Participant: 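Take a look at this one; I'll ask things after.
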2 protein chains.
Amino acid sequence: MGITERRAREKDDLRRQILATATEMFVAEGYESVSMRKIAERIEYAPSTIYLYFKDKGEMVASICYDTFAELERRMEKIRVLELPPMETLRRSLREYLEFALENRSAYSFVMSPPVAVISSLDPKTFESIHEVALQAFDRLRTGMRLCMEAGEIAPGDLEAKVQATYLFVHGVALGLNYNCGFPFIDKDILLEHVLDRVLGSLK
Amino acid sequence: MGITERRAREKDDLRRQILATATEMFVAEGYESVSMRKIAERIEYAPSTIYLYFKDKGEMVASICYDTFAELERRMEKIRVLELPPMETLRRSLREYLEFALENRSAYSFVMSPPVAVISSLDPKTFESIHEVALQAFDRLRTGMRLCMEAGEIAPGDLEAKVQATYLFVHGVALGLNYNCGFPFIDKDILLEHVLDRVLGSLK
DNA sequence: GTAGGATACTGAACATCGTTCAGCGAAGCA
DNA sequence: TGCTTCGCTGAACGATGTTCAGTATCCTAC
């Protein structure tokens with residue numbers, strides 16, 4: 001019965017190839033500039049073939065989002081297992097988060113704030129699964145910060161406010177540095193260190 | 001010679017009406033979902049008429065950006081002329097900035113990070129004028145923070161790093177709160193106060 | 001070995017999009 | 001009253017996302 005398996009494998013391969021090509025193009029040229037026809041041409045299939053693998057353009061975006069979140073999650077987990085002191089873990093995680101955002105440039109912005117039209121066109125099940133993986137990442141931050149608070153490294157108080165603000169700060173830096181608007185930002189390393197100092201320092 | 005004046009006035013009125021309608025629709029339905037045809041239908045003119053007032057869709061966006069920045073600038077200036085102590089001015093300005101972003105919901109996100117495709121389609125002159133007004137707003141923040149530093153209310157050190165990080169923090173909060181992703185943020189007022197405390201507290 | 005069905009893919013079509021342009025009607029000037 | 005100018009339109013073009021009837025290829029069963 002190896003035939004059906006081979007078929008499934010081939011089908012999966014093409015799906016992956018479509019996704020890889022699409023991701024590359026979205027990031028390089030922007031969501032709106034990349035048409036289904038262009039993707040099809042690049043992979044040398046008819047445009048309609050893509051619709052055998054993805055319901056529509058929005059579902060491709062959803063898949064990309066999901067994969068990116070998963071990769072981010074993996075990198076965070078790699079730090080957690082080091083079992084460093086909680087504050088050290090927190091600092092390293094935030095730094096890794098920012099570096100991930102900078103490495104993945106426009107992919108980050110794309111995944112973290114896709115066009116509203118895309119989001120609202122998603123079917124509820126797909127939306128839910130993305131929402132879940134995002135909340136999970138947020139939960140990781142919350143847990144990490146709770147540990148810091150319990151260790152007395154973060155001043156006691158409204159944990160949720162601290163967590164949400166911390167996320168928004170870091171997210172703002174990630175988005176801002178990625179958004180290529182021609183603004184003359186200072187040296188990224190200096191800025192990042194300063195950001196981490198202030199974000200974490202204000203938690204004491 | 002009142003005739004040409006009346007004509008000019010009428011022309012200006014229609015331009016303003018197009019822009020007002022477009023802004024409203026972009027904010028409500030998102031940039032991509034609003035077509036030139038829909039705007040035309042709403043103002044009860046032919047689609048091609050819009051092109052007599054705006055070079056293309058991108059130029060409409062540019063105008064909206066420009067106007068929004070101008071409005072923000074006005075609100076900042078209103079605080080500056082109060083001539084409060086520098087740190088008080090800074091806090092009020094940042095708060096006003098965040099409130100402006102929250103009042104104008106998606107307009108803020110739209111103006112602060114329009115689709116890349118839109119930006120790159122702008123003619124250089126238009127782009128430059130928007131860039132300039134944005135830099136001007138940033139300059140205002142820099143000046144305000146320099147005054148605080150000179151008054152000894154901000155610890156001495158790399159001013160530019162402090163200014164850029166401060167902006168990115170506040171920008172992140174503004175964008176994050178506006179992006180309607182279904183995330184369960186805590187009470188906005190509590191979060192905002194916490195944010196201001198941390199952003200400003202970490203400058204001491 | 002061949003009929004029959006499943007599978008993978010295609011090409012043409014549809015509605016809609018941003019945008020252009022020749023031309024129309026009315027308003028003002030001579 | 002003729003002429004020019006001005007504001008506006010309707011039809012058209014190419015490109016978009018998406019659908020669907022149909023084709024060609026492969027696998028199974030007789």
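The structure displayed is predicted, hence computed values, not measured ones. Within every chain, numbering begins at 1; the chains are lettered A, B, ... in the order of the sequence lines, protein sequences first and strands thereafter.
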Participant: Out of C:dC9, C:dT19, D:dT18, which nucleotide sits closest to the side chain of A:Met36?
Facilitator: D:dT18
Participant: Taking CD1 from A:Ile18 and C1' from C:dA8, how many angstroms apart are they, rounded to a whole number?
Facilitator: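 In whole Å, C:dA8 C1' and A:Ile18 CD1 are 12 Å from each other.
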Participant: Quick one: is A:Ser48 getting a side-chain N or O under 4.0 Å of the C:dT10 phosphate, OP1 or OP2?
Facilitator: no
Participant: Measuring from the side chain of A:Lys57 (C-beta onward, heavy atoms only), which nucleotide among D:dC8, C:dT10, D:dG17 has the closest atom?
Facilitator: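 The listed nucleotide nearest to A:Lys57's side chain is D:dG17.
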Participant: In whole Å, I'd like the distance from the CD1 atom of A:Ile50 to the P atom of C:dT10.
Facilitator: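 The answer, rounded to whole Å, is 10 Å.
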Participant: Check every strand shown and say whether A:Tyr53 touches a base, only sugar-phosphate, or nothing at a heavy-atom separation below 4.0 Å.
Facilitator: sugar-phosphate
Participant: For A:Leu52, answer base if it contacts any base atom (sugar-phosphate contacts may also be present), sugar-phosphate if it contacts only those atoms, and nothing otherwise; contact means non-hydrogen atoms under 4.0 Å.
Facilitator: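 Touches a base.
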Participant: Are any of the side-chain nitrogens in A:Arg146 or A:Glu160 under 4.0 Å away from the carboxylate oxygens of its partner?
Facilitator: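 A salt bridge is absent here (no side-chain N lies under 4.0 Å from a carboxylate O).
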Participant: Rounded to whole angstrom units, what separation is found between the OH atom of B:Tyr51 and the C1' atom of D:dA11?
Facilitator: 15 Å
Participant: Rounded to the nearest 0.5 Å, how far does CG of A:Leu19 lie from CZ of A:Phe26?
Facilitator: 9.0 Å
Participant: Can A:Arg9 and A:Asp13 be counted as an ion pair, charged N to O under 4.0 angstrom?
Facilitator: no
Participant: Rounded to whole Å, how long is the line connecting atom CD of B:Glu32 with atom P of C:dT16?
Facilitator: 18 Å
Participant: Whole Å only: how far is the CZ atom of B:Phe26 from the C1' atom of C:dC17?
Facilitator: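 Going from CZ in B:Phe26 over to C1' in C:dC17 covers 13 Å.
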Participant: Measure the distance from CD on A:Glu44 to P on C:dC9 and round it to the nearest whole Å.
Facilitator: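 A:Glu44 atom CD is separated from C:dC9 atom P by 13 Å.
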Participant: Counting distance alone, no hydrogens or angles: does the base of C:dG18 have a donor or acceptor under 3.5 Å from a partner atom on the side chain of B:Ser35?
Facilitator: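 Check fails, no donor-acceptor contact within cut-off.
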Participant: Salt-bridge test for A:Glu96 and A:Arg92: reply yes if a basic N is under 4.0 Å from a carboxylate O, no otherwise.
Facilitator: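 Result for this pair is no, no salt bridge flagged.
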Participant: How many whole angstroms separate atom CG of A:Asp56 from atom P of D:dT16?
Facilitator: 17 Å
Participant: Between B:Glu71 and B:Arg74 (salt bridge meaning N to carboxylate O under 4.0 Å), is one present in this structure?
Facilitator: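 Salt bridge present between B:Glu71 and B:Arg74.
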Participant: So which one's nearest nucleotide on DNA chain C is more toward 5', B:Lys55 or B:Lys38?
Facilitator: B:Lys38
Participant: Would you kindly give the CD-to-C1' distance between A:Glu10 and C:dC9, to the nearest whole Å?
Facilitator: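 It is 13 Å, rounded to the nearest whole Å.
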Participant: Side chain of B:Arg37 only, heavy atoms from C-beta on: which candidate in C:dG18, D:dC8, C:dT10 is closest?
Facilitator: C:dG18
